[in-house]
Amino acid sequence: MLVVGLTGGIATGKSTVSGLLKAHNVPIIDADVIAREVVAPGTSGLSKIAKTFGSDVLLPDGSLDRKKLGSIVFNDAEKRRQLTEIVHPAVRKAMLLQVLWHWMTGHKYAILDVPLLIEGPLWKWVGLVVVVYCSEEIQLQRLISRDSSTPAEASSRLRSQIPIADKVAYADVVVDNSGTRSELESQVDSLVKRLEKEAGSWGWIVSWLVPPVGLASAVWTLVWRRLKSTVKEKKA
């Protein structure tokens, strides 16, 4: 099964692209949704957070007080590390289980929708990287309009992330969301056609019916991705 990593930058339109792919019945594994699920009431993730940061990070109904937790970790690198060590392994495990589920249920490909795909760096472990792009000028305009931010606030948020142009350097496919909705939809249509072609009907059937073939294909994809990542890092 072809595993595709989808990412972008703030206000580039990644969520819109994800929604359009879902409308094509493409399986979407959303890291943000999973990140909320792994710290829901009753989960081991939430228990570990409460044990590490104190019961004050829980709301009266037992759910996570994200605002309170954010205020604790925002300016403390060590506490952010502790939070990352709790949440990230749980998210990765849940994503892997969903990938396996989609493979077992006969899907030729699935999308990992991950905002920090490059920073992770989870991009080294997927077969194809798709980056949703628009210029920083358009990002800034959309961010100001969407969140009613001041130009200074919007600029500060943009500077806190890897520039979108840098993320494009890791892309196998770039979806340019600088234009109209119809132009974006056309690009998504083309992407779906490419995924169908790259997944390959016969290759997919063989790898699904003969798991060792699928495993060998997955290992080769990861080795190739690692080789490409080494070349990129040397050029950086």
- request: Go through the steps for E196 and Y109 under the test side chain to side chain contact (heavy atoms under 4.5 Å, CB included), then give the verdict.
  value: CA-CA 8 Å; E196 288 286 344; Y109 49 84; 2.7 Å; yes
statement: Across all chains, not counting sequence neighbours, the side chain to side chain contact (heavy atoms under 4.5 Å, CB included) partners of S135 are Y133, E137, I138
- request: List the atom of R142, the atom of C134, and the distance in Å for their closest heavy-atom pair.
  value: NH1-SG, 3.5 Å
Anything under 3.5 Å between a donor and an acceptor, one on a side chain of residues 147-155, the other on a protein residue two or more places apart or in another chain? List them.
residue, atom, partner, partner atom, Å
D147, OD2, R157, NH1, 2.8
T150, OG1, E153, N, 3.0
T150, OG1, E153, OE1, 3.4
E153, OE1, T150, N, 3.0
S155, OG, P151, O, 2.9

- line: In short, A171 meets V131 closest at the heavy-atom pair CB-CG2, 3.6 Å
query: Once you round to the nearest 0.5 Å, how far does CZ of R159 lie from CD of E136?
result: 10.5 Å
field: I49 CD1 to T43 OG1 distance, which is reported to the nearest 0.5 Å
entry: 7.5 Å
- prompt: Do I10 and I118 belong to the same hydrophobic cluster, where Ile, Leu, Val, Met, Phe, Trp and Tyr are linked whenever their side-chain heavy atoms lie under 4.5 Å apart, directly or via other members?
  reply: no
Residue pair L122 / H88, side-chain heavy-atom distance below 4.5 Å: no
query: Are the side chain of S145 and the backbone N or O of Q141 linked by a donor-acceptor pair below 3.5 Å?
result: no
message: Closer than 4.0 angstrom, basic N to acidic O: yes or no for E198 and K108?
response: no
Report, one line per pair, each donor and acceptor closer than 3.5 Å where one atom sits in a side chain of residues 76-83; sequence neighbours left out.
residue, atom, partner, partner atom, Å
D76, OD1, E78, N, 3.1
D76, OD1, K79, N, 3.1
E78, OE1, R81, NE, 3.1
E78, OE2, R81, NE, 3.3
E78, OE2, R81, NH2, 2.3
R80, NH1, V73, O, 3.2
R80, NH1, F74, O, 2.6
R81, NH1, E85, OE1, 2.9
R81, NH1, E85, OE2, 2.5

message: Please enumerate all residues that pass side chain to side chain contact (heavy atoms under 4.5 Å, CB included) together with P89, with sequence neighbours excluded.
response: R92
field: Side-chain donor or acceptor of H107 paired with backbone N/O of H102 under 3.5 Å
entry: yes
message: Could you measure the distance from the CZ atom of R66 to the CG atom of L64? Nearest 0.5 Å is fine.
response: 5.5 Å
message: Hydrophobic cluster membership, with links at side-chain heavy-atom distances under 4.5 Å among I/L/V/M/F/W/Y: are V99 and V129 in one?
response: yes
task: Output, in order, the C-alpha distance, side-chain angles, deciding distance and verdict of side chain to side chain contact (heavy atoms under 4.5 Å, CB included) for K193 and S190.
output: CA-CA 5 Å; K193 290 176 182 177; S190 297; 5.6 Å; no
- request: Indicate yes or no: at least one non-hydrogen side-chain atom of K14 is less than 4.5 angstrom from one of V175.
  value: no
- prompt: Does one hydrophobic cluster hold both V168 and L158, with members joined at side-chain heavy-atom distances below 4.5 Å?
  reply: no
Stepwise side chain to side chain contact (heavy atoms under 4.5 Å, CB included) check, L117 with L6: CA-CA 7 Å; L117 183 79; L6 174 68; over 6 Å; no
task: With rounding to the nearest 0.5 Å, note down the distance linking CG in L100 to CD in Q98.
output: 10.5 Å
query: If you round to the nearest 0.5 Å, how far is CG of L195 from CG of L21?
result: 7.5 Å
task: Please assess V173 against Q187 for the test side chain to side chain contact (heavy atoms under 4.5 Å, CB included), listing each intermediate value before the final yes or no.
output: CA-CA 10 Å; V173 178; Q187 291 181 74; over 6 Å; no
query: Same hydrophobic cluster for V192 and L2, using side-chain heavy-atom links shorter than 4.5 Å among ILVMFWY?
result: yes
query: Per the side-chain contact (heavy atoms from CB on, under 4.5 Å) rule, which among V4, T7, V126 passes with L112?
result: V126
Give the table of side-chain donor-acceptor pairs shorter than 3.5 Å for residues 25-41, with sequence neighbours excluded, one pair per line with atom names and distance.
residue, atom, partner, partner atom, Å
D30, OD1, D32, N, 2.9
D30, OD1, V33, N, 3.3

- prompt: CG/D176 to CD/E183 distance, rounded to the nearest 0.5 angstrom?
  reply: 8.5 Å
Contacts under 3.5 angstrom, residues 50-61 side chains, donor-acceptor by atom type, not counting sequence neighbours:
residue, atom, partner, partner atom, Å
T52, OG1, K48, O, 2.8
D61, OD1, S63, N, 2.9
D61, OD1, S63, OG, 2.6
D61, OD2, S63, OG, 3.4

task: Compare every heavy atom of Q139 with every heavy atom of T12, then report the nearest pair and how far apart it is.
output: CG2-NE2, 3.5 Å
